[in-house]
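What follows is a single structure, written as structure tokens, with notes after it.
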2 protein chains.
Amino acid sequence: MAAQRSRRKRPSMNDVARLAGVSQTTVSFVVNNVESANIPPETRKRVWKAIEQLGYRPNAMARSLRSSRTHTLGFISDEVATTPYAGQMIQGAQDAAWEQDNLLLLVNTGADARLEEAAIETLLERQVEGIIYAAMYHRSVSPPSIIHEVPTVLLDCFIPDRSLPSVTPDEVQGGYTATETLIKAGHRRIAFINNKDDIPATRGRLAGYKKALADYHIPFDETLVQIAGAGPSGFNSYEATYQLMHLANPPTAIFCFNDRMAMDTYQALHRLGLSIPDDVAVIGFDNQEIIADILRPGLTTVALPHYQMGWWAAQHLLQLIENIDAPAPSSPVQHTIACPLVLRHSV
Amino acid sequence: MAAQRSRRKRPSMNDVARLAGVSQTTVSFVVNNVESANIPPETRKRVWKAIEQLGYRPNAMARSLRSSRTHTLGFISDEVATTPYAGQMIQGAQDAAWEQDNLLLLVNTGADARLEEAAIETLLERQVEGIIYAAMYHRSVSPPSIIHEVPTVLLDCFIPDRSLPSVTPDEVQGGYTATETLIKAGHRRIAFINNKDDIPATRGRLAGYKKALADYHIPFDETLVQIAGAGPSGFNSYEATYQLMHLANPPTAIFCFNDRMAMDTYQALHRLGLSIPDDVAVIGFDNQEIIADILRPGLTTVALPHYQMGWWAAQHLLQLIENIDAPAPSSPVQHTIACPLVLRHSV
DNA sequence: ATGAAAGCGCTAACAC
DNA sequence: GTGTTAGCGCTTTCAT
């Protein structure tokens, strides 16, 4: 079968009507299954037969123009490419949208604010019914104000004045879960190697760590908290682990800000001749499959709920769209999604 | 600024025309910068002012309905989420599309063929001008035949009868480059730890390996080719490396099917007390950033051109669309993109 | 230099 | 039960 050459005119409802010997209206009723029209089975059959014969397919553009519903959501993000998680957020959003017969119109803009505004403008021209504005890691954003023209949900990000609904990972609970897991395994000297950047994850996970300690009546010891960078250069998790293990009273468990850092910790522990989890337990964050897959023993970690966040964003957006005529909620919901524990063998 | 409540009617060209005291036609001419209309600057100014005042924005749906051009490409893929590369292909495609004022309408379907057909059907209803059908790793696919109704480009996959244009990585050249890199570094005993699955990458890289050997007059020695699985279970690269190094005449360099396997090889070499690259050189494939970033010394590897493939797919598709009325080409182009060498320190 | 009018493919109120 | 009709917002031809 050859690809169709030329922009041949596709059959319209009119063509179907003519062939079936009915009016175009009747075809519309049949196609859309309009109950109140009471089209008898016979007529229906005739119409469907004509439809099949012609290979008729409804034209969503025309439908949208008429009904002013496009069933399309805009998905805009800063940098789809640069993170392995991007796909999961998109997939979550797409799945939720698809469930309700909506599709995603995708745009990405670098960090360029001008481009961002142009992108939103384009989405609006295309009559998207709402916009999902996504960041590739949990952070504060400032989208162009034009975005307020249409229902919007922030995905993996938030706006300081909270004027837009958002969905983000529950960093505090994540940090709490990691720490509690260690506590429940019997540890009391628990170190936390935190990230050095001032981002929600850094603050949140630390808060969760402290809260868990407090809940279990373990005094907070600040010598057990290290601040490290990721990657080989600078003070990293490898060195932080060394320092920690040379404390007079070293930890028996280490909670690492992320899996990448946990790798370095593994290496340091290995070099020190310490075994995981017997001598020291380790827990990470992010559930980066490849790392967890590589490390021996498998790294127990806390996962970022990317798929679920994407799903929630689309789902909530669709809800906002449906209720667009309802009174505005007192304040846009700032939804948080739990970061689940992923058990492997390092605790 | 509050999000817009209610589906308030947006201003149309008619509203602008009324406010500017001109006909709707004139507004259209102004908005679209129609030269032949010769609208004097004064009128233009009046119209633009009205546009601004009303916050008018053209309705792409109406425009599309009228012109039967939607400037929209469908992007359909099996499993966006499951690979860290997905984002790069999407971004490449999106960038190329955006450059020509097109947008991507995204759908993903699991492996489910029924869903796949429904997805394409939906895209066609929405009048996409072409479809990019993507796979998440280089392989043979069999899209539903309905896809032939519209110009289509296969991305990172191909169809056995070659009836659709495709873009895939040049596995042979990649294997050749990897091997040649090793040869040029002075090696003559070069092992290849290949993958066990029967996929294009497996065959192609092996072919490239053999070709490079031949070009440099190095006899092919099949004891130097191992077949391994990835991951911890089964015969893997770790064990393959052990076997290789215990040969009577062991290799001085190892080309691993992918970076994941190279990791295991590193580990085996390390265990054997062999240093990289002094005792044994290692080269990988895929350029999986996280692995390359982790390994010491940094892993020299060959990259899969995901972004470029995505870009080419959209670009070529747009070209097909533009030339849709031209005579069909004798056969759809099967484009191949080079896999570039990424130099680090393992060779 | 500008406008009137037709029509893209569809939905839906209303008529018969 | 089915058809007539009036647009949705736009492009474009043809008149003036």
Side-chain angles (χ1 to χ4, degrees), chain A residues 7-48 50-51 54-72 101 124-129, chain B residues 7-48 50-51 54-72 101 124-129:
Chain A
R7 238 177 297 268
R8 167 157 37 90
K9 182 190 173 304
R10 302 199 183 153
S12 72
M13 271 191 177
N14 246 313
D15 301 323
V16 175
R18 204 156 22 236
L19 181 59
V22 296
S23 80
Q24 192 249 45
T25 306
T26 301
V27 177
S28 175
F29 287 157
V30 170
V31 167
N32 297 316
N33 250 309
V34 177
E35 295 292 341
S36 62
N38 270 336
I39 312 281
E42 295 224 334
T43 313
R44 284 172 132 69
K45 215 158 276 175
R46 257 203 350 278
V47 170
W48 279 116
I51 286 175
L54 291 175
Y56 166 78
R57 177 165 28 232
N59 180 327
M61 288 290 151
R63 210 200 287 259
S64 293
L65 180 58
R66 184 58 236 237
S67 61
S68 41
R69 298 288 258 117
T70 56
H71 299 280
T72 305
D101 296 311
L124 292 176
E125 285 186 6
R126 289 178 183 238
Q127 315 296 118
V128 295
E129 298 193 42
Chain B
R7 234 175 300 268
R8 167 156 39 88
K9 184 193 173 301
R10 303 200 182 153
S12 71
M13 271 191 177
N14 246 312
D15 301 322
V16 174
R18 204 154 24 234
L19 181 59
V22 297
S23 77
Q24 191 248 48
T25 307
T26 302
V27 177
S28 175
F29 287 158
V30 170
V31 166
N32 298 316
N33 251 308
V34 178
E35 296 292 342
S36 62
N38 270 337
I39 313 280
E42 296 225 336
T43 313
R44 283 173 135 68
K45 217 160 274 176
R46 257 201 352 277
V47 171
W48 279 116
I51 286 176
L54 292 175
Y56 167 79
R57 179 166 26 234
N59 181 327
M61 289 289 152
R63 209 199 287 259
S64 293
L65 180 58
R66 183 59 234 241
S67 60
S68 41
R69 296 289 257 115
T70 57
H71 297 282
T72 305
D101 295 311
L124 292 176
E125 285 186 6
R126 290 181 181 236
Q127 315 297 118
V128 295
E129 298 194 42

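Values below: all heavy atoms of this structure, side chains included; hydrogens, waters and symmetry mates excluded. Note on naming: letters A, B, ... go to the chains in the order of the sequence lines (proteins, then strands), and numbering restarts at 1 for each one.
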In whole angstroms, how far is the [atom2] atom of [N] from the [atom1] atom of [X]?
X      : N      : atom1 : atom2 : value
A/R66  : D/dT5  : CZ    : C1'   : 11 Å
A/M61  : D/dT11 : CE    : P     : 14 Å
A/R126 : D/dG9  : CZ    : C1'   : 16 Å
B/D15  : D/dG7  : CG    : P     : 15 Å
A/R46  : D/dT2  : CZ    : C1'   : 11 Å
B/R57  : D/dG9  : CZ    : C1'   : 15 Å
B/R18  : D/dG9  : CZ    : P     : 11 Å
B/I51  : D/dG9  : CD1   : P     : 16 Å

**Report entry** Distance-only donor-acceptor check, side chains B/T72 and A/R126, under 3.5 Å
**Finding:** yes
Query raised in the report: Any side-chain donor paired with an acceptor under 3.5 Å for B/T26 and B/S23?
Result: yes
Query - Identified side-chain contact (heavy atoms from CB on, under 4.5 Å) counterpart of B/M13 within the set B/V30, B/V27, B/N59 - result: B/V27
Report summary line: Between A/A62 and B/S23, the residue closer to the 5' end of DNA chain C by nearest nucleotide is B/S23
**Report entry** Nearest-nucleotide 5' precedence on DNA chain C, A/V34 against B/F29
**Finding:** B/F29
Looking for any heavy atom pair under 4.0 Å, which part of the strands does [X] touch: base, sugar-phosphate only, or nothing?
X     : value
B/T43 : sugar-phosphate
B/S28 : base
B/N32 : sugar-phosphate
A/L65 : base
B/V22 : sugar-phosphate

Locate the shortest heavy-atom distance separating [X] from [Y]; write the atom from each residue and the value.
X     : Y     : result
A/A20 : A/R46 : O-NE, 3.0 Å
A/N33 : A/R44 : OD1-NH2, 3.3 Å
B/F29 : B/A37 : CD1-CB, 3.5 Å

**Report entry** Nucleotide nearest B/R63 (side chain, heavy atoms from C-beta), chosen from D/dT2, D/dT11, D/dG7
**Finding:** D/dT11
Query raised in the report: Starting at the 5' end of DNA chain D, which residue's closest nucleotide do you reach first, A/T25 or A/N38?
Result: A/N38
**Report entry** Opening and closing nucleotides of DNA chain C in contact with chain A, under 4.0 Å to non-hydrogen atoms
**Finding:** C/dG9 to C/dA13
Requested in this report: Could you tell me whether the side chain of B/N32 reaches within less than 4.5 Å of the side chain of B/R63, counting heavy atoms only?
Outcome: yes
